[in-house]
Amino acid sequence: PFGQVPALQDGDLYLWESRAICKYVSRKNKPELLKQGDLKESTMVDVWMEVEANQYTSAMDPILFECLIRPMLGGTTDQKAVEGNLEKLKKVLEVYEARLTKCKYLAGDFISLADLNHVSVTLCLFATPHASALDAYPHVKAWWAGLMARPSVQKVAALMKPSA
């Protein structure tokens, strides 16, 4: 309805909004990524999906816009905006670091959609001069390395690389 992508049609069902699409696809094909059937675990998946959307990605988006999109549009990167959002991202990463000292993944000791929803935006960060943002957080780096080792994440990463 907003004339934007992503959008998904599955039979007579039309969806928009990336996170809603991800939840639908998970419910249909990989419900274990949402931990449905376990109230506590599914709630933690929900919590960390909200954190991804409202903390992590909201700090990341302005950095990506300034470093990747604005230059493509012929503009100049606003370093002050980048630096301010890098500070916000550091505060978020401190929370992630603390969480990941207690469990292997964000929602617990199981991979979930909460983890996987971080992939595309984090891959984009590595296309900026600020790829080292995770370096100060060893548990975050280990979590990211574990995600990157997954074949599904490697496929996404290959799809996101610009073609020659």
Side-chain angles (χ1 to χ4, degrees), residues 1-8 15-26 33 44-108 111-164:
F2 298 106
Q4 299 174 326
V5 293
L8 173 76
L15 295 174
W16 59 96
E17 298 298 336
S18 60
R19 288 170 187 84
I21 292 168
C22 287
K23 282 183 176 182
Y24 172 77
V25 170
S26 293
L33 290 176
M44 291 310 298
V45 172
D46 290 344
V47 166
W48 286 98
M49 287 176 66
E50 291 292 324
V51 171
E52 177 273 325
N54 297 303
Q55 303 295 323
Y56 188 83
T57 298
S58 70
M60 202 71 98
D61 279 348
I63 297 166
L64 302 179
F65 179 82
E66 290 297 335
C67 293
L68 301 175
I69 306 301
R70 189 180 296 276
M72 280 194 278
L73 299 174
T76 305
T77 299
D78 179 345
Q79 278 308 123
K80 191 170 186 170
V82 171
E83 289 168 17
N85 282 285
L86 282 170
E87 286 304 312
K88 290 178 188 176
L89 180 61
K90 287 177 186 178
K91 290 177 182 175
V92 173
L93 290 172
E94 288 169 8
V95 172
Y96 278 48
E97 183 70 11
R99 174 65 176 171
L100 293 166
T101 62
K102 298 175 185 149
C103 47
K104 185 173 180 180
Y105 297 101
L106 292 171
I111 186 80
S112 75
L113 189 57
D115 302 291
L116 296 175
N117 272 357
H118 287 76
V119 170
S120 61
V121 72
T122 306
L123 286 169
C124 290
L125 178 68
F126 289 109
T128 75
H130 307 287
S132 63
L134 305 183
D135 288 352
Y137 310 94
H139 290 90
V140 173
K141 277 189 72 168
W143 166 75
W144 179 248
L147 290 177
M148 285 303 299
R150 299 180 65 80
S152 60
V153 174
Q154 291 173 10
K155 286 179 185 178
V156 169
L159 289 170
M160 288 182 66
K161 286 187 181 173
S163 56

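Under the salt bridge (Lys or Arg N to Asp or Glu O under 4.0 Å) criterion, the residue pairs touching residues 58-78 are E66-R70, with sequence neighbours excluded.
A distance-only check finds a donor-acceptor pair linking the side chain of W48 to the backbone of L106 [under 3.5 Å]. Of the possible polar contacts, one joining the S58 side chain to the Q55 backbone as a donor-acceptor pair under 3.5 Å is found. Proximity of a side-chain donor or acceptor of E97 to a complementary backbone N or O of V140 within less than 3.5 Å is detected.
In this structure, NZ on K91 lies 7.0 Å from CD on E87, to the nearest 0.5 angstrom. Here the NZ-CD1 distance, from K88 to I63, works out to 9.5 Å after rounding to the nearest 0.5 Å. The CD atom of Q79 lies 8.5 Å from the CG atom of L86; values are rounded to the nearest 0.5 Å.
Counting only heavy atoms from C-beta outward, the side chains of V25 and L8 approach each other to under 4.5 Å. Looking at heavy atoms from C-beta onward, L64 lies out of side-chain contact with I69 at the 4.5 angstrom threshold. In this structure, the side chains of R19 and L113 stay at 4.5 Å or more apart for every pair of heavy atoms.
Under 4.0 Å is where a charged nitrogen must lie from a carboxylate oxygen, and between E83 and K80 no such pair does.
With sequence neighbours excluded, no residue forms a ring pair (Phe, Tyr, Trp, His ring centres under 6.0 Å) with Y24.
Ring-plane geometry between Y96 and Y56 is classed as parallel, the angle between the planes falling under 30 degrees on a 0 to 90 degree scale with a further cut at 60.
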